[in-house]
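Below: one structure, written as C-alpha cells.
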Number of protein chains: 2
Amino acid sequence: MSGRGRVPSGQPTIADVARHAGVAVSTVSYVLSGKRAISELTRNRVLASVRLLGYHPNAGARALASRRANVIALVLPLRSGIQVPVVMQFATAVVTSARSHDHDVLLLTSDEGPQGLHRIAAGALVDGVLVMDVELHDVRVPLLRELGRPSVLIGLPADTDGLTCVDLDFHRAGQVCVDHLAGLGHRRVALLGAPAAVYDRGTGFAHRTRAGVVEAAARHGVEAVTMPCEENAAEVHSRVVELFARQPELSGLVVQNEAAVGPVQAALAALGRRVPDDVSVVAVCPDQFAEHASPRLTSVPVPAEEIGRQAVSLLMRKLQDEPTPQVTLLEPRLTVRDSTASATATSAAYDARAAAR
Amino acid sequence: MSGRGRVPSGQPTIADVARHAGVAVSTVSYVLSGKRAISELTRNRVLASVRLLGYHPNAGARALASRRANVIALVLPLRSGIQVPVVMQFATAVVTSARSHDHDVLLLTSDEGPQGLHRIAAGALVDGVLVMDVELHDVRVPLLRELGRPSVLIGLPADTDGLTCVDLDFHRAGQVCVDHLAGLGHRRVALLGAPAAVYDRGTGFAHRTRAGVVEAAARHGVEAVTMPCEENAAEVHSRVVELFARQPELSGLVVQNEAAVGPVQAALAALGRRVPDDVSVVAVCPDQFAEHASPRLTSVPVPAEEIGRQAVSLLMRKLQDEPTPQVTLLEPRLTVRDSTASATATSAAYDARAAAR
DNA sequence: GGACGCTGGCGAAGCGCTTCGACAAACCGT
DNA sequence: ACGGTTTGTCGAAGCGCTTCGCCAGCGTCC
C-alpha cells in the first residue's frame, strides 16, 4: 500500500509537468534550461503545462543536481559609523542586478565574520560572494582567496593579487574636487573627512581620497589641510572652527562624510561664513544628499548603483570561469551645483564684512 | 571504467564522514540533528571526524530531503524616501537573530513585487517571509495570505486578519510625546511628520502617530497642528516658518522624520528660537540620531533591533506550527534628553527677547 | 541502398541529505 | 528464565532536479 509514503509537498513537480504534457521529465528540463534543442511543438506543449500547473522548480533540488544554487552572498558592513544610505543603494543595486542574472541574494553581516563566509561557501548555499567595505588589510581577504568560490570585493585592499575588486576611484575623486576648487581660484582648501575610526581601521576610500586631495593640492600649489571628522553636529562644529583657526584664509572645503554635510553647512552659517560667497563646499556624497542640501551642493557622487551593477556582473563572469580584471576603478564625475563659486570674485567678502563689524 | 562519473565536488560529504568515523550515514545525520539518541561514544567519534574533515552539510541536499531550506526571506522597501538607517537596523537585527535560529536571510526588494514573493516561496527557496514597510492597504497582503508559507509583517495593514504583525505602537508613541510636552506645561504643540507621499501611500506608522498626537492633545486640552514634511533642508525651513505663522505661540514640537531632525534644529536656530528655551522638541527617531544632535534630543526611539528580533522569533514559531498573536505592538519609551524643558519656566522667553528688539 | 550525420526525445543514474522501519543488544520486571 | 521495553545503529527509499548516453527516425551523399 501506501508503504512509507511521505506527504507530497503540494507544489507541482517536474514530473507532474512531464505527465501533463505527455513528455519525459528530461524533456521538460531541457525546455526550461534551453540546453538542448527541442522542437517548437514540444516546447510549447511543455510551457503551456508549466503555466497551467503553476510550476516552479524546486530550488534545493536544482541546486543539488546542478551544483549551482543561483544565489550569491552579499556581505554588508552592518557595523555603526558606516555611511548607511550608500550601503543601502549598493544593496538595492546588487539585488536588482542579481535578479536580472537569475540569481538571488543572501544577506550576511560582517559580524558573523569569516565563519559565516566559510559556512555559506562550504555548504554550497551560494555560488559566489560579494564583499563590501573592504579594509586595506582585511582579515577576510586571505579567506576569500582560498574559499574555492568566486568573489568580488567592493573596495580596495592593499594587496589585490588574485582578487577582483570594484570601486570608485576615490584618489581621482579627491583630485577632481581640488581641481575644481583650484580652478575657481581657491588657494587654501581643506578636507573634512571620515571619522577618525574609519582612517584607523584602514578603510581604503578614506585614505585614497585624502591622498588625492593632497596630491592635487600640491600639483596646483594650493595649501591643503585634512582632518578627520565625527558625525555629530557638535563635533562637526568644533572641527570647522578648528579648521579656520589653523587656516584663516580657507575658502574651499571638501567634505567626505555624508552625515557631516548638514552640520557643516549649519556650522558655517553659525560662524557667519556664507556658502558659496565666503567658502566653496564640495561634497563626496550621494546625489540625493547634495540635492537636498541648501544651497544644493557641488558634489562628486558615489555611484553606488553602478558599482553594485559592475560588481554583480563581474561576479557572474567569474561564475562562468571567464577572466576578470583584478581592479575596476570607476571614474568620478563632479556635478557643479550652487555651493562653489569663483574665489577671485568673492575672496575678500568675509574679511570685508568682518572688518566692517 | 569511470563510466558516467561526474567530478566530485571537492567538499567532503556525509558519506565521507560516515566512512571516516566507521558508522552509517544515517548515524552521522542523527548525531548532527540530534533527532535520535546516539551514544556518547559514537557521537564523539562522529564529531571528531566532522571537524577533522571540515564537513559542512550541503544546503541544497538538506533542503531537498528535509523540505526546509533554513532560509527566510526579508522583503525590504528599497525605494527612496524611506528612513534608511532604521531599515538598516532592522536588517541587521533580522540577520543576526535569524542566524541565532540557524537560518539565513535572503534579501528581496519590494520592487520585484508579488512576483518575487511567489517565485521564492513556490520554489521552496525560503521557509518563511518577513515583510517590512507594510502599507495600510498593501497589495502584498492578500498574496501573503495565500502564499502557503508562514510570514510576519513589520508594520500594520488595515486588516490583520490571519496575519502576524509586529510594530512599535506608534499611536502610543504619538501620545507619549504629547503627554510629555503637556506635562511640561506646553499648550500649543505641532507634529512635523513624514513626507506627504508617505501619508498618501497609506503607511501605517505615519497615520497612527498623527492620530496619537491628535488624541493626546485633545485629552490634555492642548492645541495641536500636524503637518507633513519633506526631507530637504529648504522645505523643512519653510514648514517650520509656516508652523509658527499658523500658531505663533507654539512651544512644543514633535518631529517624526529622522532626515528632518537636523534641518529642523537649523531652522529653529535661524528663526531665533532656542531649544529648549523657546521651544521643546521631541523626536521619533533612532537613538543614534537623537544622541548626535545638539542639543541632544528627547526622543521616542524606534526599537528597530527589538522589532527585528521579535519578528524573527514569531516567524520561527510559525515555522514550527506554533500559534502566534495576530498583532504584537511594542510599547514606546520616551527618553528625556536636553531638547525639552518646562514651558512655565521659559514660556515668555522668546516673546520677551522679541519685544526687546 | 547502405553508411552517415542530425534532430528530437527518452530513460536512468545520480546529486547529498533526511527519515522511516528494522533489528540486535541491553535492560527491565516478574 | 522469559516476554516486553528501551536504546543505539543501520540500510534503503526517496526528495526533485540535471545530465549523460542512447536511440529512433529522417534526410543525405556517394
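What's counted below: heavy atoms across the whole structure, side chains too, no hydrogens, waters or symmetry copies. Labels below follow one simple rule: chain letters A, B, ... track the order of the sequence lines, proteins then strands, and each chain is numbered from 1.
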A:Arg19: partners by salt bridge (Lys or Arg N to Asp or Glu O under 4.0 Å), with sequence neighbours left out: A:Asp16

Pair of N/O donor and acceptor under 3.5 Å linking C:dG9 base with A:Arg36 side chain: yes

Near-strand residues of residues 118-129 of chain B, defined as heavy-atom separation under 4.0 angstrom from DNA chain C: none

Members of residues 25-32 of chain A that approach DNA chain C, where some heavy atom sits under 4.0 Å away: A:Ser26, A:Thr27, A:Tyr30

Closest listed nucleotide, where the reference is the side chain of B:Ala24 and the choices are C:dC10, D:dG16, D:dG11: D:dG11

Shortest side-chain distance from A:Ile14, nucleotide among D:dC15, D:dT18, C:dC17: D:dT18

Any residue meeting side-chain hydrogen bond (donor to acceptor under 3.5 Å, both in side chains) with B:Thr96, in chain and number order, not counting sequence neighbours: none

Review item, nucleotides 25-28 of chain C N/O atoms under 3.5 Å of protein N/O:
none

All pairs passing salt bridge (Lys or Arg N to Asp or Glu O under 4.0 Å) where residues 91-100 of chain A contributes a residue, at least two apart: A:Arg99-A:Asp104, A:Arg99-B:Glu112

Listed once per pair and sorted, the salt bridge (Lys or Arg N to Asp or Glu O under 4.0 Å) pairs that draw on residues 144-160 of chain B, sequence neighbours left out: B:Arg145-B:Asp159

Between the protein and nucleotides 23-27 of chain D, which nitrogen or oxygen pairs are less than 3.5 angstrom apart?
none

Would you be so kind as to tabulate the donor-acceptor pairs closer than 3.5 Å made by side chains of residues 311-318 of chain A, with sequence neighbours excluded?
unit_1	atom_1	unit_2	atom_2	d
A:Ser313	OG	A:Arg317	NH2	3.4
A:Lys318	NZ	A:Ser151	O	3.0
A:Lys318	NZ	A:Thr164	OG1	2.8

Atom-to-atom span, [atom1] of [X] to [atom2] of [N] - whole angstrom:
X: B:Asn70; N: C:dT18; atom1: CG; atom2: C1'; result: 13 Å
X: B:Arg62; N: D:dC17; atom1: CZ; atom2: C1'; result: 19 Å
X: A:Asn58; N: D:dC15; atom1: CG; atom2: P; result: 12 Å

OP1 or OP2 of D:dT18 under 4.0 Å from side-chain N/O of A:Arg68: no

Phosphate OP1/OP2 of D:dT18 contacted by A:Lys35 side-chain N/O (<4.0 Å): no

Rounded to 10 degrees, the angle between the two terminal axes of the helix from C:dG1-D:dC30 to C:dT30-D:dA1, each from five pairs: 40°

Selection: residues 38-49 of chain B, any non-hydrogen atom under 4.0 Å of DNA chain D: B:Ile38, B:Ser39, B:Thr42

Qualifying ring-ring contact (aromatic ring centres under 6.0 Å, His included) pairs, either residue in residues 108-128 of chain A, two or more places apart: A:His118-B:His56

